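Below is one structure, written out as structure tokens, with a few remarks after it.
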Amino acid sequence: MSEHRHASARPAATGPWVIDTRDLGRRAGSSRAVTRSVPAEGMGLEGVIAVPKGGVVDLDLLLESVVEGVLVTGTASTVVEGECSRCLEPLSAKVEVGLTELYAYPDSTTDETTEEDEVSRLHDDLVDLEPVVNDAIVLSLPQVPLCSPDCPGLCVDCGGKLAELGPDHGHETIDPRWAALRERFDGNRDNPEEN
């Protein structure tokens, strides 16, 4: 049962997001700290707010061997960029998320009694952090990013930034049914001798 079920989630043998846990052994209580910066371009909400090109995620983690697998705890931090959903101004924010994830040993009770998407798993003693970190960062991001909570946005008529236009900004609107009459009267004002 476990051979087929785990084939799709097998991490690559190397890479910045993959950590080899063989040195921990399977003796509960063994632990080691891991700190590293890994490339994370595009991690986040694509087209809304995400880690920019050339961006990195800084990991500060503790890996602990427990009875059912390897417990990973710590933080992941990065800078994300996007644009305000109201005024379209570029914005940037630092994001730090807490991580607590159990990577179950193959054939452990946790491995055998949970569905594929309920718990992460160790494959060949490797931990792939990317899916867990990506999910944590995505869940921490606003789906509607704002440059400030009270951003007034853009004027629907002229597209100007309301924060810069001031409180007196407005546009005269004319009912289209009266527009021709208005043009006729405005035209007569410009050329009084035609009256």
Side-chain angles (χ1 to χ4, degrees), residues 1-82 85 91-146 149:
M1 149 179 153
S2 56
E3 199 60 44
H4 175 69
R5 186 171 64 154
H6 307 302
S8 64
R10 189 173 307 278
T14 60
W17 291 98
V18 177
I19 298 175
D20 190 334
T21 65
R22 281 182 286 218
D23 61 334
L24 285 178
R26 290 202 178 189
R27 200 176 93 235
S30 300
S31 66
R32 79 171 155 108
V34 173
T35 56
R36 62 172 69 167
S37 295
V38 291
E41 181 178 319
M43 188 175 278
L45 300 170
E46 189 175 333
V48 179
I49 188 166
V51 178
K53 183 175 183 174
V56 297
V57 172
D58 295 316
L59 302 173
D60 186 7
L61 306 171
L62 180 66
L63 278 63
E64 298 176 83
S65 180
V66 294
V67 173
E68 291 294 309
V70 174
L71 181 65
V72 177
T73 57
T75 60
S77 58
T78 189
V79 173
V80 292
E81 294 179 356
S85 295
L91 56 87
S92 177
K94 184 168 171 78
V95 174
E96 182 172 297
V97 293
L99 302 171
T100 302
E101 186 75 13
L102 173 66
Y103 289 81
Y105 291 131
D107 303 318
S108 65
T109 303
T110 300
D111 178 56
E112 297 297 332
T113 60
T114 57
E115 294 297 319
E116 178 72 27
D117 59 350
E118 290 179 350
V119 70
S120 298
R121 289 169 167 79
L122 278 163
H123 297 284
D124 301 325
D125 294 312
L126 300 176
V127 166
D128 185 2
L129 297 168
E130 187 172 18
V132 171
V133 173
N134 184 60
D135 288 352
I137 288 175
V138 167
L139 290 172
S140 75
L141 296 176
Q143 291 185 7
V144 181
L146 299 174

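What you see is a predicted model, and the numbers here were worked out from it, not measured in a lab.
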- From CA spacing to verdict: side chain to side chain contact (heavy atoms under 4.5 Å, CB included), Tyr105, Val67: CA-CA 9 Å; Tyr105 291 131; Val67 173; over 6 Å; no

- Item | Closest non-hydrogen atom pair between Val57 and Ala40, with its separation | CG2-CB, 3.3 Å

- Should Met43 and Val133 be marked as a side chain to side chain contact (heavy atoms under 4.5 Å, CB included) after you check the CA-CA gap, both sets of side-chain angles, and the distance that decides it? CA-CA 9 Å; Met43 188 175 278; Val133 173; 4.2 Å; yes

- Query: Tell me, do Val34 and Leu59 make a side-chain contact under 4.5 Å, heavy atoms counted?
  - Reply: no

- Asp20 to Asp23 - nearest heavy-atom pair and separation: O-OD1, 3.7 Å

- Non-hydrogen atoms of Leu61 and Gly74 that approach each other most closely: CD2-CA, 4.0 Å

- Between CG of Asn134 and CG of Leu139, what distance do you get to the nearest 0.5 Å? 9.0 Å

- Nearest-0.5 Å distance that lies between atom CG in Leu129 and atom CZ in Arg36: 7.5 Å

- Roughly how far apart are Leu63 CG and Thr73 OG1, rounded to 0.5 Å? 8.0 Å

- Message: Donor-acceptor check, side chain of Thr78 to backbone of Val56, threshold 3.5 angstrom: yes or no?
- Response: yes

- Message: Minimum heavy-atom separation for Val48 and Pro145, please, with both atom names.
- Response: CG1-CD, 3.5 Å

- Task: Please tell me if the side chains of Tyr103 and Thr21 come closer than 4.5 Å, counting only heavy atoms from C-beta onward.
- Result: no

- Give, for atom CD1 of Ile19 and atom CG of Leu126, the distance between the pair rounded to the nearest 0.5 Å. 10.0 Å

- Message: With rounding to the nearest 0.5 angstrom, report the CD to CG distance, Glu64 to Leu24.
- Response: 9.5 Å

- Query: Shortest non-hydrogen contact from Val79 to Pro52?
  - Reply: O-CD, 3.3 Å

- Item | Within-4.5 Å side-chain heavy-atom neighbours: Leu91 and Ile49 | yes

- Heavy-atom distance under 4.5 Å between the side chains of Arg121 and Pro106, does that happen here? no

- Item | Nearest non-hydrogen partners of Ala50 and Gly42, listed with the distance | CB-O, 3.9 Å

- Ignoring hydrogens and angles, state whether a donor on the side chain of Asp60 or Thr35 is under 3.5 Å from an acceptor on the partner side chain. no

